[in-house]
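Here the structure comes first, spelled out in structure tokens, and everything after it is commentary.
The analysis underlying the following values was restricted to heavy atoms, covering all of them including side chains, and did not include hydrogens, waters or symmetry mates.
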Amino acid sequence: MNEKLLNIKRLSLENYDSFVHCFTLYDKYTQIDSTIPAMVDFVGFIICQKGYIDIEINDNKFHAESGYLITLFPNSIINSASCSEDFDGIGLVVRNDYLREVGAAPTHSVLMGALNIKDRPIIKLSREQEEDLISMYEVIKSKHSRRNYPFKNEITGFLLISFFFEIFAIYQTERITKQSSHTRKEDIFKKFLILLSEYSNRERSVEFYARELCISPKYLSTLVTNVSGRSASNWISQAVISNAKTLLRNSDLSIQQISMELNFPNSSFFGQYFKRNAGVTPNAYRKKF
């Protein structure tokens, strides 16, 4: 069977104003794909309905066909992706800072669900699970497509959160038949993420999180890098920037007030930190919205 290359980068929200985009796959592949390898900048879900896809995520190769769910997380690296000529399906992508912006802070359940999916981004769905997800997708698509409708984004947002938890539940159910033992390092990493969700609005040092975990900063840095492929300081800075972006987009607080809210010594220090990690100044970021 002939294959085509799937342009994963097209699933990005770069060309869309909205926080979510629903799509079908028939118009998403191309013969030449110069964007691979690419880093995912969104949370994405694809339900395969026809044909198959071979995809390499973070140096791990996966095969998915009709009835499979693919979940993509921000900062995942897509090294290659090719699909059969008849490959088709549906999916949606969500801006990676969306949940924070609607006030859905990462809970223990969310973090555990995300980590479970991170290890196995592709999973076989039962017929009932596939039908449930497709039904939820259609509702999300319908509600989000309405124009000038009061609270459209809020309605869509809470439907999306339900969609996320439905997927977490599918993975949790699947674990019953395939238990995976977590090493001590993975357990420490999970605890680090839980602490990060609680303290990232005021603590930015690796030393703080290492102290809370009763380990040395050097050991925490090495452990987090080995488990996740990203340094502890990178996880911390991205969480801080996500908090800052949420406040810049969705509050009337001044830059000075936001810097105080995030426990920076002054607005100048906050501005330098934000530009170094986000690439633009806080004022420039806020003006975009």
Practice prompt. Find out whether the Lys NZ or Arg CZ of R204 is both under 6.0 angstrom from the six-membered ring centre of F264 and within 45° of the ring's axis.
Written response: yes

Discussion item. With side chain to side chain contact (heavy atoms under 4.5 Å, CB included) as the criterion, how do I78 and I55 come out once you've worked through the C-alpha distance, each side chain's angles and the decisive distance to 0.1 Å?
Written reply: CA-CA 7 Å; I78 307 299; I55 186 169; 4.2 Å; yes

Worksheet item: Is the backbone of S126 close enough, under 3.5 Å, to the side chain of Q129 for a donor and an acceptor to pair up by distance?
Response: yes

Response to the item:
Rounding to 0.5 Å, atoms NZ (K152) and CZ (R146) come to a distance of 9.0 Å

Fill in: Heavy-atom side-chain proximity of L248 to F274 below 4.5 angstrom
yes

Discussion item. Quick one about D86 and S84 (side-chain donor to acceptor, distance below 3.5 Å, no hydrogens or angles considered), yes or no?
Written reply: yes

Fill in: Pairs where residues 226-260 contributes a residue and the test ring-ring contact (aromatic ring centres under 6.0 Å, His included) is met, not counting sequence neighbours
F189-W235

Fill in: Spacing of L133 atom CG and E128 atom CD [to the nearest 0.5 Å]
10.5 Å

Worksheet item: So how far is it from D132 CG to I167 CD1, rounded to the nearest 0.5 Å?
Response: 11.5 Å

Worksheet, complete the sentence: So OG of S242 and CG of N277: to nearest 0.5 Å the spacing works out to 12.0 Å

Practice prompt. For the residue pair S267 and Q256, confirm or rule out a side-chain donor-acceptor distance under 3.5 Å.
Written response: yes

Discussion item. If you take the centroid of each ring, where Trp contributes its six-membered ring, are F164 and F45 closer together than 6.0 Å?
Written reply: yes

Worksheet item: With side chains defined as the heavy atoms from C-beta onward, is the minimum distance between V94 and L160 less than 4.5 Å?
Response: yes

Discussion item. In this structure, is the centre-to-centre distance between the rings of F165 and F168 below 6.0 Å?
Written reply: yes

Worksheet entry | Member of I236, I215, D187 meeting the side chain to side chain contact (heavy atoms under 4.5 Å, CB included) criterion with F192 | I236

Worksheet item: When you look at NZ of K124, are more than 12 heavy atoms from neighbouring residues, nucleotides or ligands closer to it than 6.0 Å?
Response: yes

Worksheet entry | Flag side-chain contact, heavy atom, 4.5 Å: H144 against N153 | yes

Item to complete: Taking all heavy atoms of Y137 and all of G91, pick out the closest pair and write down the distance.
Response: CE1-O, 3.1 Å

Discussion item. Is the shortest side-chain heavy-atom distance between I241 and Y273 below 4.5 Å?
Written reply: yes

Practice prompt. Begin from the C-alpha positions of V43 and V93 and carry the test side chain to side chain contact (heavy atoms under 4.5 Å, CB included) through to its verdict.
Written response: CA-CA 6 Å; V43 181; V93 291; over 6 Å; no

Item to complete: Please report the closest heavy-atom contact between I53 and C48, naming both atoms and the distance.
Response: CG2-SG, 4.2 Å

Worksheet, complete the sentence: All heavy atoms of V206 vs all of P217, minimum pair found to be CG1-O, 3.9 Å

Worksheet item: Does the gap between the ring centers of Y52 and F87 come in under 6.0 Å?
Response: no

Worksheet item: Do Y285 and M260 belong to the same hydrophobic cluster, where Ile, Leu, Val, Met, Phe, Trp and Tyr are linked whenever their side-chain heavy atoms lie under 4.5 Å apart, directly or via other members?
Response: no

Discussion item. With a sphere of 6.0 Å drawn around CE of M136, does it hold more than 12 non-hydrogen atoms of other residues, nucleotides or ligands?
Written reply: yes

Discussion item. Between E130 and R127 (salt bridge meaning N to carboxylate O under 4.0 Å), is one present in this structure?
Written reply: yes

Discussion item. So, taking the atom named OG1 in T71 and the one named CD1 in I122, what distance separates them when rounded to the nearest 0.5 Å?
Written reply: 9.0 Å

Worksheet entry | Sidechain-backbone polar pair: N234 side chain, R230 backbone, donor-acceptor under 3.5 Å | no

Discussion item. Please find the pair of heavy atoms, one from S231 and one from T225, that lie closest to each other, and give the distance.
Written reply: CA-OG1, 3.4 Å

Worksheet item: Is the closest side-chain donor-acceptor distance between N243 and S200 under 3.5 Å?
Response: yes

Practice prompt. Side-chain contact test, heavy atoms from C-beta onward, threshold under 4.5 Å: evaluate it for Q49 versus D88 and give yes or no.
Written response: no

Worksheet item: Going through the distances and angles, do V139 and L159 end up as a side chain to side chain contact (heavy atoms under 4.5 Å, CB included)?
Response: CA-CA 8 Å; V139 173; L159 289 171; 3.9 Å; yes

Worksheet item: Considering only heavy atoms from C-beta outward, does the side chain of L262 approach that of L247 to under 4.5 Å?
Response: yes

Worksheet item: Shortest non-hydrogen contact from Y149 to I155?
Response: CE2-CD1, 4.1 Å

Item to complete: For S145 and S142, work out which heavy atoms get closest and say how close.
Response: OG-O, 2.8 Å

Worksheet item: Got a second to check how far S259's OG is from L253's CG, nearest 0.5 Å?
Response: 10.0 Å

Worksheet item: Checking E212 side chain against Y209 main chain: does a donor-acceptor pair fall under 3.5 Å?
Response: no

Practice prompt. I would like to know whether F62 and D54 meet side chain to side chain contact (heavy atoms under 4.5 Å, CB included); could you show each step before the answer?
Written response: CA-CA 6 Å; F62 301 95; D54 290 311; over 6 Å; no

Worksheet, complete the sentence: Those residues at least two apart in sequence (or on a different chain) that pass side-chain hydrogen bond (donor to acceptor under 3.5 Å, both in side chains) with R147 are none

Discussion item. I'd like to check the ring-ring contact (aromatic ring centres under 6.0 Å, His included) partners of Y219; sequence neighbours left out, ordered by chain and number.
Written reply: none

